[in-house]
Every structure is written in structure tokens, then in C-alpha cells.
Chemist: 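Sharing a structure below in C-alpha cells format, with a few things to ask.
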Amino acid sequence: MSGLQAYTCTPRQIRRFIIRCMRARRVPFIKSSPAMGKSAIVASVADEYGLFLIDHRLSTSAPEDLSGLPHFENGIAKFAPFDTFPTEDTPLPEGKQGWLLFLDEFNSASKAVQAAAYKLVLDRMVGLKKLHPRVVIVCAGNLASDRAIVNPIGTAMQSRLVHLKMVLSHDEFMEDVAFAKGWDNRIIAFLNFNKGALHDFRPDHNDETFCSPRTWEFMNDLIQGEEVREEDAALYAGTITSGTAVEFITFTKVFNELPKIQNIVKDPLGTDLPKDSSTKWAVITHLADQANDDNFGAITEYVARLGGDYRILFFRGLRIRKPELQKHPAFRKALVELSRYFHDDVPVAA
């Protein structure tokens with residue numbers, strides 16, 4: 001690995017590095033373009049390790065939020081911390097092992113707030129009290145190159161953070177989000193047909209929104225159990241931009257022209273194959289959804305005729321959506337043939 005690639009991380013790497021930093025008692029600072037899923041990754045780490053998540057946005061904070069409020073005690077002025085931050089005498093939350101303090105929009109904070117954050121991040125203190133020893137800290141923010149509201153971090157802070165830049169991986173997103181969460185087949189097919197539509201953010205864009213994992217999640221919520229209709233174009237345009245909405249509406253029409261599953265099962269080698277790529281992607285996601293132990297052998301024969309990326313996506317999706325099918329002889333045969341295309345950190349059933 002060389003050049004820029006050595007200094008960027010996929011979401012899976014970011015998650016793994018957050019955990020490494022937690023164990024080493026260091027503070028990671030994750031930067032990426034907007035709406036890539038930084039918050040979701042941090043939340044998943046907190047959930048896995050039984051930590052109570054405290055999501056604190058520094059961009060909307062005042063210095064007093066971090067340093068505490070002054071008050072008099074026996075004639076002496078002291079700073080009382082807000083209960084946002086667990087201190088040494090704070091009892092553990094019920095059923096939790098500690099806290100994950102997520103300082104989001106870290107580099108969007110004013111210089112005064114950043115200065116107040118020095119003590120929190122560097123000395124693990126809020127006001128005059130120490131943070132609870134079971135508090136771990138993770139910071140996140142946007143990239144200055146994306147024209148986001150970003151303020152330079154002082155050199156004293158720079159050298160006390162582990163800086164991680166995140167970029168999206170289409171394959172990881174499909175496996176860890178779209179397949180894992182059972183997203184609508186029409187979105188899965190479209191995002192494999194048009195991979196660039198997953199995240200098309202440009203700092204100089206003129207649309208009111210942009211395509212991103214976050215806005216596609218909105219889109220998934222909007223169309224679950226619903227027909228994609230042209231009269232709803234304004235709704236889709238307000239979610240994934242007007243241009244992508246038109247493409248998506250046109251794409252979903254191919255779902256009405258897919259070969260019948262019963263014909264494929266009856267004659268997997270003789271049933272006609274789709275001629276255009278959009279219909280092929282639609283067929284792959286449709287067959288993955290319909291596959292079961294009884295029809296799987298025939299379906300895999302049909303899918304093998306499509307070849308290439310279509311076959312790879314079919315089996316990648318099944319490993320996550322229907323892991324029980326990995327025990328089928330047809331799956332094991334495909335796994336041997338396609339093993340180099342599968343990610344090692346996706347578990348395979350024994």
C-alpha cells in the first residue's frame with residue numbers, strides 16, 4: 001500500500017481502529033465527507049462493548065459545557081461539571097460496562113470550545129473532577145476540503161489524537177448495511193447497477209441534498225412495502241436528488257419484466273437471460289430473496305450463466321441474508337470457485 005491509500009480507512013478498518021484505540025486508552029479522531037456513517041460505526045462499537053453512548057456535539061457547545069459552571073463553596077469559587085460527563089463518583093449505568101463519550105463535529109467547534117476540550121481530551125478532566133476511568137472518548141468531524149464549517153485544531157491537540165480519514169467501500173456497505181439490514185431489493189439492485197450513486201457528495205453541488213448512505217437509508221424507509229411510482233418523484237428527489245430519483249424510477253420498472261422463478265427452477269439452463277445490465281442486477285437481487293434449500297441448486301445454475309460480478313454479488317448477499325444456505329453443496333462449490341472475491345471477515349457457516 002502506498003500514497004494516499006496508506007492514509008485512508010474503510011468503515012470496517014475505522015471500526016477496528018476505534019477498538020484498538022479504546023484498548024490503548026488513546027483518542028481517535030475520525031474525519032470523512034458528510035453522511036458516510038461515522039456516528040453509526042461509533043454507536044455499534046458502544047453497543048458491542050456494553051458502553052452507554054454519550055453523543056455530544058461540540059459545534060453547539062459553549063466552553064462552560066466542558067469546563068463547568070463556577071459556584072461558591074465555603075467561600076471558594078469552584079467549577080461544577082455538568083452531569084453530561086461521568087466523573088469518578090458517577091455510578092455505572094445499569095447493565096453497562098462504562099461510557100463511550102462521542103465528541104462529534106469536533107473540528108467545527110469554536111476556538112474557545114476547542115481550548116476547553118483540551119482538558120477533557122488530554123487530562124480526562126471536566127471542571128475540577130476527573131472523568132470516570134471507564135469512559136472512552138472518540139472524536140469525529142468533517143473534512144475541510146468539503147467546504148464544511150471546520151476550524152483548525154491547535155498543535156497541542158493535534159499530537160494527542162489518532163487521526164483517521166474514512167472513505168466508503170461499496171462492497172463493505174453492501175455486506176454490512178444493505179444486506180445485513182435487509183434493505184429493499186430495488187435499492188440493492190440499483191446501487192450495484194450504479195455504484196457511484198451510493199455517495200455523490202461534491203462540495204460545490206447545487207442540489208438541496210446529495211446521495212449518501214444516510215439518504216439511501218431514508219429512501220429505503222420510504223419505499224419499503226410501497227410501489228415506486230412516478231407521481232412520487234418529488235418525494236424521491238427530495239431524498240436522493242432529482243437526477244438520481246429519475247434514474248431510480250426508470251430502473252425499478254425492470255422488476256416487472258423479470259423471469260418467473262418457477263420457470264428458472266423448472267429449466268435453469270434454458271430460461272432466457274436478461275440482455276441489459278439493469279435487468280441482470282434486478283434478477284440477481286430477486287433470486288437471492290427467493291432462494292431456499294429446495295430451489296437453490298437450480299437457481300445457482302441459472303446465476304452461473306450470468307457470470308462475473310452478477311454471480312459474485314449473488315453469493316456475497318446470500319452469505320449475509322441467508323447464511324443457512326452456505327451448507328448447501330451448490331454454495332460450497334461456488335465458494336471454492338469465488339473465494340478470492342469474498343471478504344475474510346464475513347463469517348462462513350460450518
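Nothing here was measured: the structure is a model prediction, and the numbers come from that model.
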Chemist: How long is the gap from NZ on K280 to CG on L313, to the nearest 0.5 Å?
Modeler: 14.0 Å
Chemist: What residues form a ring-ring contact (aromatic ring centres under 6.0 Å, His included) with F190, not counting sequence neighbours?
Modeler: W216, F248, F251
Chemist: Show your reasoning for whether ring-ring contact (aromatic ring centres under 6.0 Å, His included) applies to H56 and F85.
Modeler: CA-CA 10 Å; H56 189 76; F85 306 104; 5.4 Å; yes
Chemist: Please list all pairs passing the side-chain hydrogen bond (donor to acceptor under 3.5 Å, both in side chains) test where one or both residues lie in residues 112-129, with sequence neighbours left out.
Modeler: D89-K129
Chemist: Please identify each residue that fulfils salt bridge (Lys or Arg N to Asp or Glu O under 4.0 Å) with E231, with sequence neighbours left out.
Modeler: R229
Chemist: Just to verify, what does R214 make a salt bridge (Lys or Arg N to Asp or Glu O under 4.0 Å) with, not counting sequence neighbours?
Modeler: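 Residues passing salt bridge (Lys or Arg N to Asp or Glu O under 4.0 Å) with R214: none at all.
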Chemist: Could you list who else is in L69's hydrophobic cluster, with ILVMFWY side chains joined at under 4.5 Å, directly or through other members?
Modeler: F82
Chemist: So V136 and V27, do their side chains get closer than 4.5 Å, heavy atoms only?
Modeler: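 No, every pair of side-chain atoms sits at 4.5 Å or beyond.
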Chemist: Among residues at least two apart in sequence or on other chains, which ones pass salt bridge (Lys or Arg N to Asp or Glu O under 4.0 Å) with E227?
Modeler: none
Chemist: Say whether S169 and D171, considering side chains only, have a donor N or O and an acceptor N or O under 3.5 Å apart.
Modeler: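 No - no donor-acceptor pair under 3.5 Å links their side chains.
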Chemist: Under the ring-ring contact (aromatic ring centres under 6.0 Å, His included) rule, collect the residues that match up with H328, sequence neighbours excluded.
Modeler: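 By the ring-ring contact (aromatic ring centres under 6.0 Å, His included) rule, H328 matches F296.
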Chemist: Any Lys/Arg nitrogen of R319 or E175 sitting under 4.0 Å from an Asp/Glu carboxylate oxygen of the other?
Modeler: no
Chemist: What distance do N292 atom CG and I299 atom CD1 have between them, rounded to the nearest 0.5 Å?
Modeler: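 Going from CG on N292 over to CD1 on I299, the span is 7.0 Å.
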Chemist: Between D309 and R311, is there a side-chain N and carboxylate O pair less than 4.0 Å apart?
Modeler: no
Chemist: Would the number of heavy atoms belonging to other residues, nucleotides or ligands and lying under 6.0 Å from CZ of R305 be above 12?
Modeler: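 It does: R305 CZ has more than 12 such atoms within range.
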Chemist: Would you call K130 and E88 a salt bridge, using N to O less than 4.0 angstrom?
Modeler: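 Salt bridge: no.
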Chemist: Who pairs with Y236 by ring-ring contact (aromatic ring centres under 6.0 Å, His included), at least two apart in sequence or on another chain?
Modeler: none
Chemist: Side chains of K38 and M166, heavy atoms from C-beta outward: is any pair under 4.5 Å?
Modeler: yes
Chemist: Does some side-chain heavy atom of R321 sit less than 4.5 Å from a side-chain heavy atom of I188?
Modeler: yes
Chemist: Quick check for you: to the nearest 0.5 Å, what is the distance between L100 atom CG and I54 atom CD1?
Modeler: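 Those atoms lie 8.5 Å apart.
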Chemist: Checking D184 now: which residues fulfil salt bridge (Lys or Arg N to Asp or Glu O under 4.0 Å) with it, not counting sequence neighbours?
Modeler: R186
Chemist: How about R15 and S44: does a side-chain donor come under 3.5 Å of a side-chain acceptor?
Modeler: yes
Chemist: So for atom CZ, which belongs to R26, do other residues, nucleotides or ligands contribute more than 12 heavy atoms lying within a distance under 6.0 Å?
Modeler: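 No, because the 6.0 Å sphere around CZ of R26 holds 12 heavy atoms or fewer from other groups.
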Chemist: Sequence neighbours excluded, which residues qualify as side chain to side chain contact (heavy atoms under 4.5 Å, CB included) partners of H132?
Modeler: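 Scan of H132 (side chain to side chain contact (heavy atoms under 4.5 Å, CB included), adjacent residues dropped) gives P86, L92, W99, R134, V135.
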Chemist: Per the ring-ring contact (aromatic ring centres under 6.0 Å, His included) rule, what does the pair list look like for residues 9-33, sequence neighbours excluded?
Modeler: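 Qualifying pairs: F29-F106, F29-H163.
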Chemist: Under the rule for ring-ring contact (aromatic ring centres under 6.0 Å, His included), what residues qualify as partners of Y302, not counting sequence neighbours?
Modeler: none
